[in-house]
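Starting off with a structure, shown below.
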Protein chains: 2
Amino acid sequence: MTDIVRKDVMQRLESGDYSCAKQFTLAMISGKWKMIILWHLNHDGAYRFNDFRRLMPTVTHKVLASQLRELAEDQLVKRTEVQAKPLKVEYEITPLGTSLVPIIDMMCDWGEKRIDQLKVTTHFSLDENVAQQMNEQAAEKTA
Amino acid sequence: MTDIVRKDVMQRLESGDYSCAKQFTLAMISGKWKMIILWHLNHDGAYRFNDFRRLMPTVTHKVLASQLRELAEDQLVKRTEVQAKPLKVEYEITPLGTSLVPIIDMMCDWGEKRIDQLKVTTHFSLDENVAQQMNEQAAEKTA
DNA sequence: CGGCATCCCATAAGATACTG
DNA sequence: CAGTATCTTATGGGATGCCG
């Protein structure tokens, strides 16, 4: 089968582990860095391994490799070995990967708006530490 | 505090654990049953605890409870105690939850098409036309 | 340069039993 | 009915080191 998909994904499909198609889609993008990788590939064009590391400084060597491998196995990203001397590999987004971008964009929008909302309402509320700090500061002032 | 959000989510937000907004959105829906719960609440109206269990026979009692609790804490779902005698609780989707539905629908569509592709093309190669169709359809939707 | 192998830990989720 | 409590397992991800 030329259209390889990660075996565990295929197994889950066949064993009915995904009770609906949305979960399958979720599985495609739910690695910690996958959406970011896809987004940048779509936005900037080809990347190489260490380009990603510069882009996402906190990602581990190993984890980055696994995310890229899974994306490639799921056909969302194409991996190409360019040289053999100091081994050089390029990653590009595939048409299939591109077809996922609108979803990612929507998630981006939704997240931004929601975070803004939270920032606004958070002041009054959430952070107990902040409230506590304010109390302490008030106490200092009166002291 | 009027707008509660799960503490770990807020902590991650504040500690910069989400390197972008899409990951925050992903966190909202990436419980194993959350999208399904949201989808059905949006589609069918209010549900009660054991309604969900009938709907998703394989979900564990405990896991269902935790998914619902998180959804409620994230303000995507509203929990209402209706009775106190044999305790009766209703779950409804909130406007915020509804705002997430278009994303879930897109994921649903994408997944269905991709699964069909895989069934059909498992022996052939990836059909770019199909991916292209998906792009066009996605474009139409956003238009 | 671009990996893989190994070990370790945190968290998600399943099984089971108990409760207001 | 609608949960909580406890225990256990599976998985994702981080840290580190070796390799072609």
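The chains referred to below are lettered A, B, ... by the order of the sequence lines, with proteins before strands, and numbering in each begins at 1. Model, not experiment: these values are computed from the prediction.
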(request) Note the angle between the end axes of the helix from C:dC1-D:dG20 to C:dG20-D:dC1, five pairs defining each, rounded to 10 degrees. (result) 50°
(request) Go through residues 34-57 of chain B and report each residue with a non-hydrogen atom lying under 4.0 Å from DNA chain D, sorted by number. (result) B:Arg48, B:Phe49, B:Asn50
Atom pairs under 3.5 Å: protein N/O with N/O of nucleotides 11-17 of chain D:
from   : atom 1 : to      : atom 2 : distance (Å)
D:dG13 : OP1    : A:Lys32 : N      : 2.9
D:dG13 : OP2    : A:Gln67 : NE2    : 3.2
D:dG14 : OP1    : A:Lys32 : NZ     : 2.9
D:dG14 : N7     : A:Lys62 : NZ     : 3.4
D:dG14 : O6     : A:Lys62 : NZ     : 2.6

(request) Mind calculating the distance between CG (B:Leu64) and C1' (D:dA5) to the nearest angstrom? (result) 17 Å
(request) Would you name the heavy atoms of B:Ala27 and B:Arg6 that are closest together and state the gap between them? (result) O-NH2, 3.7 Å
(request) Indicate, with yes or no, if the rings of B:Phe52 and B:His40 have centres closer together than 6.0 Å. (result) no
(message) Looking at every heavy atom in both A:Met56 and A:Leu64, which two are closest together, and how far apart are they?
(response) CE-CD1, 3.8 Å
(message) Under a 4.0 Å threshold between the charged nitrogen and the carboxylate oxygen, would B:Glu70 count as salt-bridged to B:Lys34?
(response) yes
(request) Could you check how far CD of A:Glu73 sits from P of C:dG3, rounded to whole Å? (result) 12 Å
(request) Check the distance between D:dT4's C1' and B:Arg79's CZ and give it to me in whole angstrom. (result) 12 Å
(message) Using the side-chain heavy atoms of B:Pro86, tell me which of these nucleotides is nearest: C:dC1, D:dC1, D:dA2.
(response) D:dC1
(message) Just the rounded figure in Å: distance from P of C:dG3 to NZ of A:Lys88.
(response) 14 Å
(request) Kindly assign one of parallel, tilted or perpendicular to the pair B:Phe24 and A:Trp110, based on the angle between their ring planes and the thresholds 30° and 60°. (result) parallel
(request) In plain terms, say whether A:Arg54 and A:Asp51 are close enough for a salt bridge, that is, a side-chain N and a carboxylate O under 4.0 Å apart. (result) yes
(message) Taking B:Glu81 first and then B:Lys88, would you say they form a salt bridge - that is, a charged N and a carboxylate O separated by under 4.0 Å?
(response) no
(request) State which residue, out of B:Ile29, B:Asp74, B:Asp105, fulfils the side-chain contact (heavy atoms from CB on, under 4.5 Å) condition with B:Leu100. (result) B:Ile29
(message) Rounding to an integer number of Å, can you tell me how far A:Gln83 CD sits from C:dC1 C1'?
(response) 10 Å
(message) Please report the interatomic distance CG(B:Leu71) to CD1(B:Ile93), rounded to the nearest 0.5 Å.
(response) 9.0 Å
(request) Round to a whole Å and report the spacing from NZ of B:Lys85 to C1' of C:dG20. (result) 13 Å
(request) May I ask you to evaluate whether A:Arg69 reaches the phosphate of C:dG2, defined as a side-chain N or O under 4.0 Å from OP1 or OP2? (result) no
(request) Examine A:Tyr91 together with A:Tyr47 and report whether their ring centres are nearer than 6.0 Å. (result) no
(request) Considering non-hydrogen atoms only, spot the tightest contact between B:Pro102 and A:Met106 and give its length. (result) CB-CE, 3.7 Å
